[in-house]
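What follows is a set of notes on a single structure, which appears directly below.
As the structure is a prediction and not an experimental result, all values here were calculated from the model.
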Amino acid sequence: MNILPERSNIEHLRKQAKDLLRLYKRNDPAALERLRKYLPAARDQSDAALARLQFRLHDMQSCVAREYGFASWVELLDGVELQRRRAEGLDSLRRYWLHLVYGNEATGGYDRPQPARAARLLAERPEIIVSDDPYYACAIGDETSIRRAIERDAEWVNRSGGPLNIAPLIAITHSGLSRLDPFRESLRRCLRLLLDAGADPDQWLAHGDDRLTAIYGAAGKVHDPGMTQMLLAAGANSNDNESLYHSLEDPNPELPCTRLLLEAGTRVGGTNALARVMDFDNLEGLQRLLAYTPRGDEDLDRILLWAIHRGRSAAHARALLDAGANPQARTREGYSALKLALSFGLTEVAKLLEAAGASETLSTQDLFIAACARADESEARRMLAAKPDLIATLSASQLRQLPNLAMAGFDAAVKVMVKVGWPIATRGGDIDGSALNQAVFRGNADLAEFLLEHGASWRERHGYDSDVIGTLSWASINRPRAEGEWSRCAEVLLAHGLPPAEEQPEDPSDPTRYVLIDGRRMTFADDVIDVLVRE
């Protein structure tokens with residue numbers, strides 16, 4: 001294993017990965033041996049097998065990272081950043097550590113906390129903690145220091161301050177370290193101590209126009225049921241339109257914080273929580289919310305239609321119908337729930353709606369869309385043979401089903417529609433973009449490649465006044481899908497006409513990495529920039 005040199009240069013590491021890719025493409029024996037040694041996918045593979053694997057730049061970056069003892073390229077970049085911070089001094093290291101603990105909500109951004117890295121750095125450099133600053137004590141759960149702060153000044157428990165100028169309860173309930181076993185119980189004890197000392201349970205953090213409360217931190221950010229229960233018992237107001245909604249993002253499918261909030265009287269209406277739970281395919285979570293939603297609530301029709309848009313199961317639809325959703329619900333464009341289900345290929349949902357009383361006279365166009373949506377290519381082609389101008393007779397709303405299905409992840413249906421001649425640049429979906437925009441937004445490189453091979457263009461627009469370059473920029477930075485492969489999307493876009501980017505000079509006052517692409521100064525995630533910038 002190589003040792004990462006002091007003051008490592010990330011550009012030098014990027015060049016190592018690009019050089020390795022060039023050597024790999026030449027079947028260089030030393031390069032192939034490096035891959036076999038460090039890259040799991042290459043282990044024990046013959047030279048011929050390695051060539052068939054057609055590794056790309058991100059594979060070379062993974063190999064270089066592993067050579068230096070890091071599990072991934074992202075971790076290697078983090079290691080270099082940590083080196084830089086160490087070299088700059090303790091103040092810089094502290095700012096970096098606070099960013100790892102809290103993300104940057106406290107400073108107006110949206111980066112998520114990275115508690116495991118924060119804990120490792122703290123173990124290595126315990127002097128990061130300012131011993132006489134109780135706000136640092138709140139971040140890690142140092143009960144002794146917090147007791148001393150209360151003894152010195154009882155009013156401190158309701159005063160904002162510290163390096164991030166936040167209130168003590170916010171410093172505890174928003175600390176990502178509560179997700180780790182060594183810190184969880186001590187942070188809970190500190191929260192109990194502050195509440196007993198008179199801390200206002202409704203302390204909040206300004207974030208743009210929003211107020212992010214302590215209970216939002218506990219239930220919606222760190223998903224800690226112990227803290228959530230303490231705050232509720234202390235009288236915290238959970239009807240903030242944030243806590244319940246974000247509690248549904250808990251990776252624990254049982255959603256314990258959601259349960260506590262609902263049992264304490266948190267309202268469901270007006271929070272959009274019913275729509276949010278559809279993003280996670282959590283039937284139990286939906287049922288729990290419905291148990292606290294008035295039967296026949298006027299919003300249930302919208303949620304039924306949204307469940308269909310998200311491709312949810314017949315069991316989800318049944319739960320909504322049992323709660324009083326109208327099986328005859330219609331979209332603003334006049335699409336019935338039944339027709340919508342068929343247009344998403346959800347035949348079991350359609351049968352359920354029909355059994356509940358939904359009925360609809362389906363046109364030839366509706367039947368054609370339904371065949372495409374269930375990826376029945378033979379039926380779609382049969383219908384086209386009988387009526388060759390069928391696609392030309394589709395309405396603008398019907399044509400939008402191509403990007404709608406691309407957005408919802410119905411890739412097989414999208415491929416059938418493109419193969420039978422659907423206008424490939426049609427816009428629709430959440431971002432009012434083409435199917436290619438939707439694929440790149442999701443980080444779906446395979447679908448993006450298919451679309452490009454069938455005539456899609458990176459110049460296709462979306463509703464945020466940009467094109468596929470803009471989609472790639474936003475999605476690669478914000479990572480809206482856990483499984484997304486945005487660096488691979490960049491590779492397939494380059495292979496189909498996207499112009500390469502030119503790296504811009506660094507600005508010491510702005511750490512953001514910019515490139516010039518298609519005449520535009522833009523930023524992307526580092527791994528995507530490494531693909532877009534060709535030597």
Side-chain angles (χ1 to χ4, degrees), residues 274-275 278 295-424 426-430 432 435:
L274 284 167
M278 295 301 174
R295 178 173 174 76
D297 185 273
E298 63 180 12
D299 201 34
L300 290 176
D301 292 0
R302 178 181 71 89
I303 299 303
L304 174 62
L305 296 166
W306 181 243
I308 295 170
H309 257 288
R310 298 294 288 143
R312 296 305 170 219
S313 70
H316 289 78
R318 167 56 69 194
L320 288 162
L321 291 170
D322 289 346
N326 181 5
Q328 304 275 16
R330 290 183 177 271
T331 67
R332 284 177 294 183
E333 294 82 10
Y335 247 58
S336 70
L338 176 58
K339 190 184 292 188
L340 191 66
L342 291 170
S343 73
F344 277 88
L346 302 174
T347 54
E348 293 303 313
V349 173
K351 290 176 184 177
L352 181 64
L353 290 167
E354 287 179 317
S359 62
E360 184 79 20
T361 301
L362 299 175
S363 67
T364 301
Q365 289 83 356
D366 295 329
L367 293 170
F368 174 67
I369 293 170
C372 291
R374 62 178 184 268
D376 188 345
E377 185 174 350
S378 60
E379 175 63 9
R381 290 193 182 279
R382 185 196 67 75
M383 296 184 73
L384 281 172
K387 188 176 175 59
D389 66 341
L390 183 52
I391 293 176
T393 69
L394 298 177
S395 68
S397 176
Q398 290 171 325
L399 287 171
R400 283 197 292 273
Q401 200 57 13
L402 173 66
N404 287 343
L405 289 164
M407 170 199 72
F410 291 85
D411 296 356
V414 170
K415 291 179 180 180
V416 167
M417 295 166 92
V418 170
K419 288 177 183 177
V420 300
W422 209 281
I424 201 166
T426 303
R427 287 167 57 170
D430 286 355
D432 186 27

| field | Asp366 side chain to Thr364 side chain, donor-acceptor N/O pair below 3.5 angstrom | value | no

| note | Looking only at heavy atoms, the pair that brings Leu346 and Gly311 closest together is CD1-CA, 4.0 Å

| said: Taking side chain to side chain donor-acceptor pair (under 3.5 Å) as the definition, give me every residue that meets it alongside Thr347, ordered by chain and number, with sequence neighbours left out. | reply: none

| task | Answer whether the closest heavy-atom distance between the side chains of Pro388 and Leu390 falls below 4.5 Å. | result | no

| message | Hydrogens and angles aside, do Glu360 and Ser336 bring a side-chain donor and acceptor to less than 3.5 Å of each other? | response | yes

| request: Report the distance from atom NE2 of His316 to atom CG of Leu321, rounding to the nearest 0.5 Å. | output: 13.0 Å

| field | Presence of salt bridge, Lys415 and Asp411, under 4.0 angstrom | value | no

| Pair Lys351 + Glu354, salt bridge at N-O below 4.0 Å | no

| request: Output the distance between atom CD (Glu379) and atom CZ (Arg374), rounded to the nearest 0.5 Å. | output: 6.0 Å

| request: Measure the spacing between CE of Met383 and CD of Gln365 and express it to the nearest 0.5 Å. | output: 8.0 Å

| Quick check: does any side chain N or O of Asn404 sit under 3.5 Å from a backbone N or O of Gly429, one acting as donor and the other as acceptor? | yes

| Below 4.0 angstrom, N of the basic side chain to O of the carboxylate: do Asp297 and Arg295 qualify? | no

| query | How close do Leu352 and Ala317 get, heavy atom to heavy atom, and via which atoms? | reply | CD2-CB, 3.8 Å

| query | Nearest heavy-atom pair of Ala337 and Leu304: which atoms, and what distance? | reply | CB-CD2, 4.3 Å

| message | Ignoring hydrogens, what is the shortest heavy-atom contact between Ala341 and Val349? Give both atom names and the distance. | response | CB-CG1, 4.0 Å

| message | Measuring from atom CG of Leu394 to atom CG of Leu402, what distance do you get when rounded to the nearest 0.5 angstrom? | response | 11.0 Å

| request: Return the minimal non-hydrogen interatomic distance between Ala380 and Val420, and the atom names on each side. | output: CB-CG1, 4.4 Å

| Between Trp422 and Phe368, how do the two ring planes meet: parallel, tilted or perpendicular, split at 30° and 60°? | parallel

| query | Once you round to the nearest 0.5 Å, how far does CD of Glu377 lie from CG of Leu384? | reply | 10.5 Å

| task | List the steps, then state whether side chain to side chain contact (heavy atoms under 4.5 Å, CB included) holds for Leu338 with Leu362. | result | CA-CA 10 Å; Leu338 176 58; Leu362 299 175; 5.8 Å; no

| message | Rounded at 0.5 Å granularity, tell me how far OG in Ser343 sits from CZ in Arg400. | response | 11.5 Å

| message | Measuring only between side-chain heavy atoms, which start at C-beta, is Pro423 closer than 4.5 Å to Ile391? | response | yes

| said: Test your reading of the model: is there a side-chain donor-acceptor pair from Asp301 to the backbone of Asn326, 3.5 Å cut-off? | reply: yes

| query | Would you find a donor on one side and an acceptor on the other, under 3.5 Å apart, between the side chain of Arg312 and the backbone of Met278? | reply | yes

| remark: Tightest non-hydrogen contact, residues Ala373 and Ala413, listed as O-CB, 3.4 Å

| message | So does Gly357 get a backbone contact from the side chain of Gln328, meaning a donor-acceptor N/O pair under 3.5 Å? | response | yes

